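The structure appears right after this line, and notes come after that.
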2 protein chains.
Amino acid sequence: MQNNQNIKVAVDAVVFGYHNNALYVLLVQQKYGVYKDQWVLPGGLVHNGETLTNAVHRELQEEAGININYLEQLYTFGDDVERDKRNQVISVSYFALVNPDNLKLSAATDAQDVKWQNINNIPKLPFDHNLIIDTAFKRIKAKLHYQPIGFDLLPKKFPFSDLEHLYATILEQEIDRRNFRKKILSFGFIKKCNEKQKNGSGRPAQLYTFDPNKYKALEKNGMHFEIKFA
Amino acid sequence: MQNNQNIKVAVDAVVFGYHNNALYVLLVQQKYGVYKDQWVLPGGLVHNGETLTNAVHRELQEEAGININYLEQLYTFGDDVERDKRNQVISVSYFALVNPDNLKLSAATDAQDVKWQNINNIPKLPFDHNLIIDTAFKRIKAKLHYQPIGFDLLPKKFPFSDLEHLYATILEQEIDRRNFRKKILSFGFIKKCNEKQKNGSGRPAQLYTFDPNKYKALEKNGMHFEIKFA
DNA sequence: TCAAAAGTGTTTCGCCTACACCCATGT
DNA sequence: ACATGGGTGTAGGCGAAACACTTTTGA
């Protein structure tokens, strides 16, 4: 095996959080090095002997002290040989979701600062991180249609209207409340709780919860989750 | 930037070809090293300063002398730290299609031998190459439903029934000839040629061709290619 | 009593499904 | 004339789309 390969392997993560009816991405501020003070996606070089997945979890802990709720590989960026000006680095990028219970960012140990940045207001970032975020944004939009990932952005118990607003916000389109509700409930993996939630004025909302086991069972029986909008 | 990372970056490709109503995967026989004589997916380490995509094209040339028709990134395998017993290597895997005009494999320079292996008869391969092939097979099945990739497995001009058989073969299900034809033609990106094709007995088949420009134009106008089967 | 958000049914329309016979050629 | 594969139309059902008023609470 040739031994002079000089290419580094990094992982980067686009972590989405949803609150106040808006979608946010986690950014960290570099503490050291050439990119010091710049805001970037959390991530870093993979350690020797470490799996890619573990590297992502480690970096998220080290840089933001955050626990994620859903993780999947997004894409590997390596067609721009100079995407990192220090060395040839390929980035195995991941896509993660955090629910509101885990939104609090701890004072990071490996980053100078950490913040949630509104997806509609992402500044120009170093490397190809804007491209990575765009790719992730497309992915989340696509997945909302055919995978139950919206629930990973909401608390365990949520009013139905929150789910509806989440879809409307992320997909950037209006949706018909009645048809949406009918369709989602028809699958049978959403359960009604024995609680209601009051928020200021307006009628209190019935709380619902997503049942992942029911989902898996239904899927095994041939259910195909898919939701479209007029 | 830390400089002691000892992880290699390889690319591997699952190249699909379709002929005689069957789907095949390109395998190469290793010429050197610990894995000498074993059949594996074409691929190898990325060169310094080389993009991932170029690495794939280069390896396919060196090992099989083949020109591909469609290429997309599949997945990056790096969660089994010992997937290669020589060193920690991550594999950025690709998914490629070859049409029948390019099926001929040249006597490879960097491989001992090269062959098309029926997808339904893949032997146990070294590394995690069986897993990679499975992933690619799932991907091609999924993509057939919502992207016009079937045409990259057929010659430029083809009888409609070939397309139908391709779908039936790859998806491993029967499809209704009339409904399939109606649906595909309704999109408007398939054009009738002024030729017919005779093959032995039976009525000669009208030839059709896929018009990629028309496809793009229609897609821009909101067309959404999707085909399902009862 | 008004504002604010939650909850709920019906009709229409278009698409997907199911399904069987005739056509052109070679042997 | 028979075997082989190519080519075509229609009716019914089901799910998606469109659409507006009532209910419950807080101020």
Side-chain angles (χ1 to χ4, degrees), chain A residues 19-22 144-146 150 154-155 157-169 171 173-209 218 222-230, chain B residues 19-22 144-146 154-155 157-169 171 173-188 190-209 218 222-230:
Chain A
H19 56 110
N20 296 132
N21 282 347
L144 274 183
H145 292 281
Y146 61 90
L154 292 176
K157 298 177 179 185
F158 55 87
F160 216 96
S161 55
D162 276 14
L163 184 65
E164 180 202 326
H165 290 133
L166 183 148
Y167 269 80
T169 303
L171 298 178
Q173 64 183 271
E174 294 197 344
I175 59 186
D176 184 286
R177 193 147 36 107
R178 283 169 291 188
N179 291 339
F180 180 75
R181 191 191 187 93
K182 228 180 303 171
K183 182 71 184 178
I184 296 278
L185 287 175
S186 74
F187 290 115
F189 51 69
I190 302 287
K191 282 183 185 160
K192 189 184 285 194
C193 305
N194 289 323
E195 288 174 64
K196 302 211 177 192
Q197 177 176 300
K198 311 180 186 183
N199 33 323
S201 78
R203 177 173 171 173
Q206 176 66 242
L207 293 181
Y208 289 86
T209 192
L218 288 166
M223 177 204 65
H224 189 56
F225 174 46
E226 184 174 9
I227 183 150
K228 291 183 185 172
F229 305 98
Chain B
H19 56 110
N20 296 133
N21 283 346
L144 275 183
H145 292 281
Y146 61 89
L154 292 176
K157 298 176 179 186
F158 55 87
F160 216 97
S161 56
D162 276 15
L163 184 65
E164 179 203 326
H165 289 132
L166 183 148
Y167 268 81
T169 303
L171 298 179
Q173 63 184 269
E174 295 196 345
I175 60 188
D176 183 286
R177 191 150 37 109
R178 283 169 290 188
N179 292 338
F180 180 75
R181 190 190 188 94
K182 229 179 306 172
K183 182 75 185 177
I184 296 277
L185 288 175
S186 73
F187 291 114
I190 302 287
K191 281 182 184 160
K192 190 183 283 191
C193 304
N194 290 323
E195 290 176 61
K196 303 214 176 191
Q197 176 174 301
K198 311 180 186 183
N199 33 323
S201 77
R203 176 174 173 174
Q206 176 67 242
L207 292 181
Y208 290 86
T209 192
L218 288 167
M223 177 203 66
H224 188 58
F225 173 46
E226 186 175 9
I227 183 150
K228 292 184 185 175
F229 305 98

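Within every chain, numbering begins at 1; the chains are lettered A, B, ... in the order of the sequence lines, protein sequences first and strands thereafter. For clarity, every value in this text was computed on a predicted model and none was experimentally measured. Just the heavy atoms: all of them, side chains too, but no hydrogens, waters or symmetry mates, feed the values below.
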At what distance, to the nearest 0.5 angstrom, does OH of A:Tyr167 lie from CD1 of A:Ile175? 8.5 Å
Gap between atoms CG and P, on A:Asn21 and C:dA5 respectively (whole Å): 10 Å
Less than 4.5 Å apart, side chain to side chain, heavy atoms only: is that true for A:Phe229 and A:Glu174? no
Using a 4.5 Å cut-off on heavy atoms from C-beta on, say whether the side chain of A:His145 contacts that of A:Leu171. yes
Rounded to whole Å, CG of A:Leu163 lies from P of C:dG7 at a distance of 12 Å
Tell me, for nucleotides 10-19 of chain D in 5' to 3' order, what letter each nucleotide earns: B for a base near a protein heavy atom under 4.0 Å, S for only sugar-phosphate near one, - for neither? B-----SBBB
Looking at B:Ser201, does any N or O in its side chain come under 4.0 Å of the phosphate oxygens OP1/OP2 on D:dG5? no
Rounded to the nearest Å, what distance is computed from the NE2 atom of residue A:His165 to the P atom of nucleotide C:dA6? 6 Å
B:Lys196 NZ to D:dG6 P: how many Å, rounded? 12 Å
Closest to the A:Arg181 side chain: D:dG7, C:dT8, C:dA24? C:dT8
Can you tell me the distance, in whole Å, between the CD1 atom of A:Ile184 and the C1' atom of C:dT8? 17 Å
Quick one: does B:Leu218's side chain get under 4.5 Å of B:Phe225's, heavy atoms only? no
OP1 or OP2 of C:dA4 under 4.0 Å from side-chain N/O of A:Arg203: no
Taking the side chain as every heavy atom from C-beta outward, state whether A:Lys192 and A:Gln206 have any atom pair closer than 4.5 Å. yes
About how many Å separate CZ of B:Arg203 and NZ of B:Lys196, when rounded to the nearest 0.5 Å? 6.0 Å
Nucleotide D:dG5, atom P - distance to CZ of B:Phe158 in whole Å: 20 Å
Separation of C:dG7 atom C1' from A:Glu164 atom CD, nearest Å, is 11 Å
If you compare all heavy atoms of A:His224 against all heavy atoms of A:Phe187, which two are closest, and at what distance to 0.1 Å? O-CE2, 3.8 Å
Once you round it to whole Å, what is the distance between P of C:dT25 and CG of B:Asn199? 13 Å
Do you know the tightest heavy-atom contact between A:Leu185 and A:Tyr208? CD2-CE2, 4.2 Å
Axis-to-axis angle across the helix from C:dT1-D:dA27 to C:dT27-D:dA1, five pairs each end, nearest 10 degrees, ~ 0°
Closest non-hydrogen atom pair, A:Gly150 against A:Leu166: O-CD1, 3.7 Å
Which of these nucleotides, D:dG26, D:dG7, D:dT24, is closest to any side-chain atom of B:Ala205? D:dG7
